[in-house]
Amino acid sequence: MTASFTIAIDGPAAAGKGTISKAVAAALDLAHLDTGLLYRAVGVKVLEGMPAIAAAQSLTPEDLQRGDLRGPEAAQAASKVAVIAEVRAALVDFQRAFARRAGGAVLDGRDIGTVICPYAEVKLFVTASAEVRAQRRFLELSAKGEAETLEEVLADVKARDERDMNRSEAPLKPAEDAVVIDTSDLAIEEAVARALQEVATRR
Ligand code: DC
């Protein structure tokens, strides 16, 4: 496939959208961009003392390779810088260019179907209850030996949901034409199969 074909996958933290996005991209041989990494990279620069807007405007591909982007501190910092309109604006062109690359792309985030790629051929909104998401994130963190209690992880998930859904700039919500996949009671293989079915009907 040489024409562009964009799959937008949005949803709250730890709903499974990252895993689904990677699996869909691998199955269909599409490029994949985890847009949360952009906000995380800006967030860690702010934790290091850089002003948020300057950090977003000077972001480089190398910044996305940093080893410290996946942890809870980076996640909270990302969610905080993500409310700033100028930060979001600085990251738009890169995401749109990636989305329209020849061969097709999967982008996952919070506002891909609503703001970044309203023209996406496929829009999915992957969600799950806060409790299920916190439980999954807790197991992930425990497996890595990172000490956080389930209560702390749940509080973290809820704080990010609250901020991501209620900000005025590009709040987290399903696009009107998005297909919602609730993964609360789905195994990851089932969720990936559902996503691939949706893509197949639109390709
Ligand atoms: O997907 P993630 O957990 O890595 O995202 C981290 C934070 O970045 C998230 O809480 C909100 C923000 N974000 C955003 O506002 N828009 C996106 N497209 C992706 C992430």
Side-chain angles (χ1 to χ4, degrees), residues 6-25 31-47 52-53 55-56 59 63-99 105-120 123-128 130 132-134 136-138 140-141 144 146 148 152-175 178 181 183:
T6 308
I7 303 177
I9 305 186
D10 291 304
K17 64 183 187 309
T19 310
I20 292 173
S21 301
K22 280 193 207 94
V24 167
H32 170 228
L33 179 65
D34 168 2
T35 65
L37 280 184
L38 303 173
Y39 294 90
R40 286 170 182 258
V42 175
V44 294
K45 288 189 169 223
V46 169
L47 292 177
I53 298 171
L59 209 63
D63 293 328
L64 306 183
Q65 309 296 328
R66 292 177 58 145
D68 56 353
L69 300 183
R70 299 281 176 192
E73 292 82 16
Q76 287 296 342
S79 176
K80 288 178 188 159
V81 299
V83 306
I84 304 169
E86 292 87 344
V87 166
R88 306 199 70 84
L91 304 175
V92 168
D93 288 350
F94 175 74
Q95 295 176 82
R96 289 198 177 139
F98 192 98
V106 180
L107 281 81
D108 75 84
R110 301 290 187 290
D111 62 338
I112 308 303
T114 49
V115 174
I116 302 296
C117 306
Y119 50 75
K123 295 182 190 176
L124 304 178
F125 191 86
V126 178
T127 188
V132 166
R133 290 184 286 124
R136 287 182 190 153
R137 189 48 57 90
F138 172 67
E140 263 172 42
L141 291 172
K144 285 194 271 177
E146 291 180 27
E148 283 216 30
E152 283 168 335
V153 180
L154 180 60
D156 212 63
V157 160
K158 287 186 170 168
R160 271 215 287 157
D161 281 0
E162 172 72 18
R163 212 182 290 116
D164 295 349
M165 292 192 285
N166 295 315
R167 66 188 180 213
S168 58
E169 287 298 317
L172 169 65
K173 62 174 182 195
I181 300 179
T183 67

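Heavy atoms only: backbone and side chains are in, while hydrogens, waters and symmetry mates are out. Atoms within each ligand, like the ligands themselves, are counted from 1 in listed order.
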**OP:** Identify whether the distance between the nearest side-chain nitrogen and carboxylate oxygen of D156 and R137 falls below 4.0 Å.
**Re:** no

**OP:** Measure across A13 and D161 and return the closest heavy-atom pair with its distance rounded to 0.1 Å.
**Re:** N-OD1, 4.4 Å

Original post:
Are any of the N or O atoms of D164 closer than 3.5 Å to those of ligand 1?
Top reply: yes

Original post:
atom 19 (C) of ligand 1: which protein heavy atom is closest, and how many Å away?
Top reply: T35 OG1, 3.4 Å

Subject >> Protein heavy-atom partner closest to atom 5 (O) of ligand 1 - residue, atom, separation in Å >> reply: R110 NH2, 3.5 Å

Original post:
R88: heavy atom below 4.0 Å from ligand 1, yes or no?
Top reply: yes

Original post:
Does K123 use its side chain to pair, donor to acceptor, with the backbone of G113 at less than 3.5 Å?
Top reply: yes

Original post:
Of all the atoms in ligand 1, which lie at a distance below 4.0 Å from a heavy atom belonging to D111?
Top reply: 16 (N), 17 (C), 18 (N)

Original post:
In ligand 1, which numbered atoms sit nearer than 4.0 Å to a non-hydrogen atom of S79?
Top reply: 7 (C), 10 (O)

Subject >> T183 side chain to A15 backbone, donor-acceptor under 3.5 Å >> reply: yes

**OP:** In plain terms, say whether R167 and D164 are close enough for a salt bridge, that is, a side-chain N and a carboxylate O under 4.0 Å apart.
**Re:** yes

**OP:** Provide, to 0.1 Å, the distance between atom 3 (O) of ligand 1 and the closest protein heavy atom, together with that atom's residue and name.
**Re:** R160 NH1, 2.8 Å

**OP:** Within a distance under 4.0 Å of any heavy atom of K17, pick out the atoms of ligand 1 and give their elements.
**Re:** 1 (O)

Original post:
Is the closest heavy-atom distance from R167 to ligand 1 below 4.0 Å?
Top reply: yes

Original post:
Can you check whether Y39 has an N/O within less than 3.5 Å of an N/O in ligand 1?
Top reply: no

Subject >> L107 and I7, any side-chain heavy atoms less than 4.5 Å apart >> reply: no

Subject >> Minimum-distance protein heavy atom relative to atom 12 (C) of ligand 1 >> reply: A82 CB, 3.7 Å

**OP:** Taking the side chain as every heavy atom from C-beta outward, state whether Q95 and I112 have any pair of such atoms under 4.5 Å apart.
**Re:** yes

Original post:
Is the side chain of R96 donor-acceptor paired with the backbone N or O of I116 at a distance under 3.5 Å, no angle test?
Top reply: yes

**OP:** Decide yes or no for K17 and F125: does some side-chain heavy atom of the first lie under 4.5 Å from some side-chain heavy atom of the second?
**Re:** no

Subject >> Nearest non-hydrogen protein atom, atom 4 (O) of ligand 1 >> reply: R40 NE, 2.6 Å

Original post:
Tell me: protein heavy atom nearest atom 7 (C) of ligand 1, and distance?
Top reply: A78 CB, 3.6 Å

